[in-house]
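Scroll down for the structure; my scribbles are underneath it.
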Amino acid sequence: MSEKRMMILGVTGSVGEQAVDVARKNNVRVTGISANKNIKRAEELAREFSVEYCAIADEAAAKELSLCLADTNTKVLSGSDGICNMILNTKNDVVLNSIIGEAGLRPTLAVIESGARLALANKESLVVAGDIVMERAREKGVEILPVDSEHCAIFQCLKSGKPKEVKRILLTASGGPFFGKTVDELRNITPEQALAHPTWSMGAKITIDSATLMNKGFEVIEAVHLFGLPADKVEVVVHRESIIHSMVEYIDNSVIAQLSVPDMRLCAQYALTYPDRCEAVIDELDLFKLSKLSFARPDMETFALLRLAIESIGKGGALPAVLNAANEVAVAAFLSKKLSFYGITEAVSSVVDELSGAASATSLEDVFAYDREARLLANKFIEK
């Protein structure tokens, strides 16, 4: 593979670090990186790759990093504007966006504006403003390749047929650490218990979202936008082994699945090298060691946030943005022990019910306005 120019946003997170590993193993020039406030790791990576830019979301941390990198040619930028300016001022073949939460939306739009391929690990960009993001990508002729393991799998499986031949997408879920538990059993879950995810190494926010199944709800919304199918053609399947990363069923009832060991480096590399495949960066899947592959329907009564997410994308507008904003506030409150585990579901449900009018919103300004209102209402709920 000829040298490619790549930028990694959210470089110090789980997906970002795996993208760094992909960059090392391939002939990739890393032009820039962004982080929130982990300047120790950001400095190490900036020096390793001699990046042109390093953008730090936290402005105080950016000032400190600027002093640390004073002996280099790396330009240090700060805040959301700094991240977007870094993207727009650099020529890249691929920009991988693994920023967590709604904070990743503006960088996603900046990548599209720049014309680079977008390797998208920030699902909230599509949850919050999927119609707007996809329309801008079409207008600019920008490729969006999913880095989430499930959507990367679906993207590959869709190569087996024509769009009109797709019957449904089968989106797999591990089920989280509390699979099979009742609502009463969930009420006393502690942050420490919820952070013990069975399969993937992720940040705290995504790990909690996986435990409530909100993450899977977000992935349904993401799939609707990425692949142009209605929510009723995306079915969630609990697959505890996390070996089948998702499937596509066609109108002839054939099912195409993508299998591999659970390792996000495969997805990051595929987004970088597509349509080519390169030598493996992950371990080989040993089929003879698999004891079983099991499947179950999700319990959307106990894990009501999954159902709420599916309902939200069905109604559309800014309602998914409301869902995301309320969830970000509620998860942060749970991690700081201001809210119970099941209180996340109760807080988000309350805010979505109160802001049902968001379904009629269409503009990006409306989306941001409803996002702010949802955060205020979620905080009020928590204070009660």
Using 0.5 Å steps for rounding, measure from the CG atom of Asp366 to the OG atom of Ser360.
8.0 Å
Please check if any side-chain donor atom of Ser80 sits under 3.5 Å from a side-chain acceptor atom of Arg106, or the reverse.
yes
Step by step, work out the salt bridge (Lys or Arg N to Asp or Glu O under 4.0 Å) result for Lys216 and Glu150.
CA-CA 10 Å; Lys216 199 54 52 178; Glu150 295 85 355; 2.9 Å; yes
Do Glu48 and Val30 have side chains that get closer than 4.5 Å, going by heavy atoms?
no
May I ask whether Leu88 and Leu118 are part of the same hydrophobic cluster, defined by side-chain heavy atoms of I, L, V, M, F, W, Y residues being less than 4.5 angstrom apart, directly or through others?
no
Given Asn327, which of Thr345, Asn215, Asp209 fulfils the side-chain hydrogen bond (donor to acceptor under 3.5 Å, both in side chains) condition?
Asp209
With sequence neighbours excluded, give me every salt bridge (Lys or Arg N to Asp or Glu O under 4.0 Å) pair touching residues 57-74.
Arg47-Asp71
Any luck finding a side-chain donor-acceptor pair between Ser125 and Asn122 under 3.5 Å?
yes
What I'd like to find out is whether the side chain of Val20 reaches to under 4.5 Å of the side chain of Phe49, using heavy atoms alone.
yes
Please confirm whether the backbone N or O of Thr182 pairs with a side-chain atom of Glu185, one donor and one acceptor, at under 3.5 Å?
yes
Treat each ILVMFWY residue as a node, draw an edge where side-chain heavy atoms are under 4.5 Å apart, and state whether Ile154 and Ile251 are in one component.
no
Can you say whether the rings of Phe341 and Phe178 are parallel (under 30°), tilted (30 to 60°) or perpendicular (over 60°)?
perpendicular
Could you verify whether a donor N or O on one side chain and an acceptor N or O on the other, from Ser254 and Asp252, lie under 3.5 Å apart?
yes
Exam field: side chain Thr90 to backbone Met86, donor-acceptor pair closer than 3.5 Å:
yes
Count the heavy atoms belonging to other residues, nucleotides or ligands that lie under 6.0 Å from NZ of Lys140, then report whether that count exceeds 12.
yes
Could you tell me whether Lys181 sits above the aromatic face of Phe179, with NZ or CZ closer than 6.0 angstrom to the six-membered ring centre and within 45 degrees of the axis?
no
Show the numbers, then the answer: is there a side-chain contact (heavy atoms from CB on, under 4.5 Å) between Glu43 and Cys68?
CA-CA 7 Å; Glu43 180 187 358; Cys68 295; 3.6 Å; yes
Show the nearest heavy-atom pair for residues Thr273 and Cys278, with the distance to one decimal.
CG2-SG, 3.6 Å
Taking atom CD of Glu192 as the centre, report whether more than 12 heavy atoms of other residues, nucleotides or ligands fall under 6.0 Å from it.
yes
Is there a continuous path of hydrophobic side-chain contacts, each under 4.5 Å between heavy atoms, that joins Ile56 to Ile8?
no
Can you list every pair that meets ring pair (Phe, Tyr, Trp, His ring centres under 6.0 Å) and has a residue in residues 350-373, with sequence neighbours left out?
none
Would you indicate whether the side-chain heavy atoms of Leu355 and Glu373 approach each other to under 4.5 Å?
yes
Output yes when a side-chain donor or acceptor of Asn324 lies under 3.5 Å from a complementary backbone atom of Pro320, and no otherwise.
no
Could you tell me how the ring of His239 sits relative to the ring of Phe295: parallel (under 30°), tilted (30 to 60°) or perpendicular (over 60°)?
parallel
Regarding Asn26 and Gln269, do their side chains bring together a donor and an acceptor under 3.5 Å, going by distance alone?
yes
If we only count heavy atoms from C-beta on, is the Val220 to Val236 side-chain gap below 4.5 Å?
yes
Between His245 (side chain) and Ser260 (backbone), is there a donor-acceptor pair under 3.5 Å?
yes
Side-chain heavy-atom pair Val248, Val255 within 4.5 angstrom cut-off
no
Verify, without hydrogens or angle tests, whether Asn38 (side chain) and Arg41 (backbone) share a donor-acceptor contact under 3.5 angstrom.
yes
Could you check whether Glu354 pairs with Lys380 (Lys NZ or Arg NE/NH1/NH2 to Asp/Glu carboxylate O, under 4.0 Å)?
no
Ion pair check, Asp93 and Arg5, cut-off under 4.0 Å:
no
What one should report as the nearest heavy-atom pair of Ser356 and Leu319 is CA-CD1, 4.1 Å
Measure the shortest side-chain to side-chain distance between Asp299 and Leu306 over non-hydrogen atoms and say whether it is less than 4.5 angstrom.
no
Do Leu213 and Leu305 come within less than 4.5 Å of each other through their side chains, counting heavy atoms only?
no
Going hydrophobic residue to hydrophobic residue with side-chain gaps under 4.5 angstrom, can you get from Leu9 over to Val76?
no
Could you check Gln258 against Met247 for side-chain contact (heavy atoms from CB on, under 4.5 Å), going step by step and ending with a plain yes or no?
CA-CA 7 Å; Gln258 187 266 327; Met247 301 169 274; over 6 Å; no
Under 3.5 Å: donor-acceptor pair, side chain of Asn92, backbone of Val94
no
Thr72 side chain to Leu69 main-chain N or O, any donor-acceptor pair under 3.5 Å?
yes
Using side-chain heavy atoms (C-beta onward) and a distance below 4.5 Å, is Thr31 in contact with Val51?
no
Please lay out, stage by stage, how Leu145 and Leu120 fare under the test side-chain contact (heavy atoms from CB on, under 4.5 Å).
CA-CA 6 Å; Leu145 265 71; Leu120 188 62; over 6 Å; no
Check whether more than 12 heavy atoms from other residues, nucleotides or ligands sit under 6.0 Å from atom CG of Asn73, and answer yes or no.
no
Test your reading of the model: is there a side-chain donor-acceptor pair from Arg168 to the backbone of Tyr250, 3.5 Å cut-off?
no
How close do Ile132 and Ser363 get, heavy atom to heavy atom, and via which atoms?
CD1-C, 3.9 Å
Counting only heavy atoms from other residues, nucleotides and ligands, does the tally under 6.0 Å from NZ of Lys37 exceed 12?
no
Name the residue from Asp184, Thr302, Leu186, Ile189 that meets the side-chain contact (heavy atoms from CB on, under 4.5 Å) definition with Tyr342.
Leu186
Val15 and Leu96 have their tightest heavy-atom pair at CG1-CD2, 4.3 Å
So which heavy atom on Arg240 is nearest to which on Gly176, and how close?
NH1-O, 2.8 Å
Check this for me, if you would: do Lys91 and Glu52 make a salt bridge, where the nitrogen-to-carboxylate-oxygen distance has to be below 4.0 angstrom?
no
Ile112 vs Val133, side-chain contact (heavy atoms from CB on, under 4.5 Å): CA-CA, chis, key distance, verdict:
CA-CA 8 Å; Ile112 292 170; Val133 168; 3.8 Å; yes
Regarding Glu241 and Ser294, is there a side-chain donor-to-acceptor distance under 3.5 Å anywhere?
yes
Assess whether a salt bridge exists between Arg136 and Glu139, defined as any Lys/Arg side-chain N lying under 4.0 Å from an Asp/Glu carboxylate O.
no
For the backbone of Ile244 and the side chain of Thr172, can you confirm whether one donor and one acceptor N or O come within less than 3.5 Å of each other?
yes
Shared ILVMFWY cluster between Leu65 and Leu77, side chains joined below 4.5 angstrom?
no
Would you say the rings of Phe227 and Phe155 are close, in the sense that their centroids are separated by under 6.0 Å?
no
Hydrogens and angles aside, do Lys167 and Asn253 bring a side-chain donor and acceptor to less than 3.5 Å of each other?
yes
Looking at Glu235 and Arg297, is there a salt bridge between them, counting it only when a charged N and a carboxylate O are closer than 4.0 Å?
yes
Tightest non-hydrogen contact, residues Ile83 and Ser34, listed as CG1-CB, 4.2 Å
Does Ser98 reach the main-chain N or O of Gly10 with its side chain, forming a donor-acceptor pair under 3.5 Å?
yes
